[in-house]
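Since the model is a prediction, treat every value here as computed from it, not as a measurement. Residue numbers begin at 1 in each chain, while the letters A, B, ... track the order of the sequences.
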Number of protein chains: 2
Amino acid sequence: MSNKHVFIEKLRSSGLRPTKQRIEICKLLFDRKDTFHFSISDLKNNLENVSSKKISLATIYNTIHAFTGKGYLKEISINSDKTYFDTNTSDHHHFFDENKKKLIDLNDNDVGKIKIKKILPGKKIKSIEVLVRITNDN
Amino acid sequence: MSNKHVFIEKLRSSGLRPTKQRIEICKLLFDRKDTFHFSISDLKNNLENVSSKKISLATIYNTIHAFTGKGYLKEISINSDKTYFDTNTSDHHHFFDENKKKLIDLNDNDVGKIKIKKILPGKKIKSIEVLVRITNDN
DNA sequence: CACTACATTAGAATCATTATAAATTATGAT
DNA sequence: ATCATAATTTATAATGATTCTAATGTAGTG
């Protein structure tokens, strides 16, 4: 696996030691070309399919949280049911298909520039998130 | 209370019988000029302050969900910690103050028009939600 | 007033997430 | 390589929000 040193670097820079469990998680998250939108349970299921040795939830949570803190993953709020994460960390927005309960990326070009005309003294903007809810057209 | 028949109408049109517990909830939600952003636990605390007789969580949940379904309340997704509701049901967006953990309304004029340039066949847009996260400016 | 369907309630169940504590492993120095 | 130490993993328990349940109470119709 030629990417292993990349994974190790991602882990170290997130303040985590590389362990075989975390490397497995990295493979699933970062060894892909497409964007991956997932919940923790999605990830757990995927991990169990790929390698039959199971990784505990605690390990999954701590790894994902470290990556999110470091900016290697984005956390997305859709509803209170579940937290979703996104391997696409560039500035972008989302469709949420309410029928399929799936996220679809909207890249920056897909959304016109957003102007916020209200300013709050002593506050600065940390992020602007657009969520476009879509449903079947019938 | 001259608003009581308004509350009863809101309840009936949401498919709920008017009961004294639900009327209490209505008073707190709709008998005000300002927008009210709240979580279920906020609402429960408020109810316990106003009237010393306690209303069970089950009743609060079923009433709030019926109002949300009917469009008398808006549900807002900030993070997975908690679900927030908003008595302002007009088209508008939000600041979320990450230090104070509070929502602030951004009315439609505060946000420039949002253009979605990507179209998905067979799907229609149900809503566009903008969440602007803000933090202390230091 | 009486009947029926809907509501209320406390408490149990559930689900995602976080904390705990004991056993295991990575790392850096020797 | 070996050792000591600190970090990690894991199963399990704890937590907190939300939903369910089943017994009791109340609103609405006639």
Side-chain angles (χ1 to χ4, degrees), chain A residues 4-5 7-28 37-48 51-70 73 75-85 101 103, chain B residues 4-5 7-28 37-48 51-70 73 75-85 101 103:
Chain A
K4 193 161 179 178
H5 70 283
F7 299 158
I8 291 176
E9 185 42 35
K10 273 195 154 72
L11 285 165
R12 287 206 191 286
S13 59
S14 305
L16 298 177
R17 286 186 181 171
T19 63
K20 58 183 183 314
Q21 292 88 338
R22 289 173 175 161
I23 299 286
E24 283 302 313
I25 293 172
C26 284
K27 279 189 201 161
L28 247 168
H37 295 121
F38 62 98
S39 64
I40 296 291
S41 57
D42 293 336
L43 181 55
K44 184 158 175 56
N45 292 337
N46 270 301
L47 285 164
E48 280 167 4
S51 61
S52 52
K53 51 201 155 184
K54 63 172 166 293
I55 299 180
S56 75
L57 270 177
T59 299
I60 297 174
Y61 274 104
N62 90 29
T63 305
I64 295 309
H65 285 158
F67 283 153
T68 302
K70 183 66 181 179
L73 292 173
E75 193 171 339
I76 305 169
S77 309
I78 305 302
N79 51 37
S80 45
D81 300 359
K82 230 165 207 171
T83 302
Y84 289 85
F85 298 89
K101 305 283 177 205
L103 280 164
Chain B
K4 192 161 178 178
H5 71 282
F7 300 157
I8 291 177
E9 186 40 37
K10 273 195 151 76
L11 286 164
R12 286 207 191 286
S13 59
S14 305
L16 299 177
R17 285 186 182 171
T19 62
K20 58 183 183 312
Q21 292 88 340
R22 288 172 176 162
I23 299 285
E24 283 303 312
I25 293 172
C26 284
K27 279 187 201 165
L28 247 167
H37 295 119
F38 63 96
S39 64
I40 296 291
S41 55
D42 294 336
L43 181 55
K44 184 157 175 57
N45 292 337
N46 270 301
L47 285 165
E48 281 168 4
S51 62
S52 52
K53 52 202 154 185
K54 62 171 166 296
I55 298 180
S56 76
L57 271 175
T59 298
I60 296 173
Y61 273 104
N62 90 29
T63 305
I64 296 309
H65 285 157
F67 283 153
T68 303
K70 183 65 182 178
L73 292 173
E75 193 171 339
I76 304 169
S77 310
I78 305 301
N79 52 36
S80 45
D81 300 359
K82 229 164 208 172
T83 302
Y84 289 84
F85 298 89
K101 305 286 177 204
L103 280 164

Sequence neighbours excluded, the answer for salt bridge (charged side-chain N to carboxylate O under 4.0 Å, His left out) partners of A/Lys10 is none

Just how far, in rounded Å, is C1' of D/dT26 from CD1 of B/Ile23? 14 Å

Rounded to the nearest 0.5 angstrom, the CZ-CG distance for A/Phe38 and A/Leu73 is 5.0 Å

Write out a two-atom table: protein N or O, nucleotide N or O from nucleotides 26-29 of chain C, distance below 3.5 Å.
unit_1 : atom_1 : unit_2  : atom_2 : d
C/dA26 : N3     : A/Arg17 : NH1    : 3.4
C/dT27 : OP1    : A/Arg12 : NH1    : 3.2
C/dT27 : OP1    : A/Arg12 : NH2    : 2.6

For C/dT25 and A/Gln21 - does any side-chain N or O of the residue sit under 4.0 Å from the phosphate oxygens OP1/OP2? no

Once you round to the nearest 0.5 Å, how far does OG of A/Ser39 lie from CD1 of A/Ile78? 11.5 Å

Could you go through B/Glu48 and B/Lys44, starting from their C-alpha distance and side-chain angles, then the distance that decides it, and tell me whether this counts as salt bridge (Lys or Arg N to Asp or Glu O under 4.0 Å)? CA-CA 6 Å; B/Glu48 281 168 4; B/Lys44 184 157 175 57; 3.0 Å; yes

Base, sugar-phosphate, or nothing for B/Lys54, non-hydrogen atoms under 4.0 angstrom? sugar-phosphate

Would you mind reading off the distance between B/Ile55 atom CD1 and D/dG25 atom P, rounded to a whole angstrom? 18 Å

Within this structure, what is the OH-to-C1' distance between A/Tyr84 and C/dT17, rounded to whole angstrom? 16 Å

Expressed as a whole number of angstroms, how long is the span from A/Leu16:CG to C/dT25:P? 18 Å

Taken to the nearest whole Å, CG/A/Asn45 to P/C/dA16 is 11 Å

Closest approach of B/Leu16 to B/Thr63 (non-hydrogen atoms, all atoms of both residues): CD1-CA, 4.0 Å

To the nearest 0.5 Å, what is the distance between CD on A/Glu24 and CD1 on A/Ile60? 11.0 Å

To the nearest 0.5 Å, tell me how far B/Phe85 CZ sits from B/Leu43 CG. 9.0 Å

Please figure out whether B/Ile40 or A/Arg22 has its closest DNA chain D nucleotide nearer the 5' end. A/Arg22

Atom pair CD (A/Gln21) and SG (A/Cys26), whose distance is rounded to the nearest 0.5 Å: 12.0 Å

Tell me whether the OP1 or OP2 atom of D/dA17 has a side-chain N or O from B/Thr83 closer than 4.0 Å. no

Does anything in residues 57-68 of chain B reach DNA chain D, meaning a heavy atom under 4.0 Å, and if so which residues? B/Leu57, B/Ala58, B/Tyr61, B/His65

To the nearest 0.5 Å, what is the distance between CZ on B/Arg22 and CD1 on B/Ile8? 12.5 Å

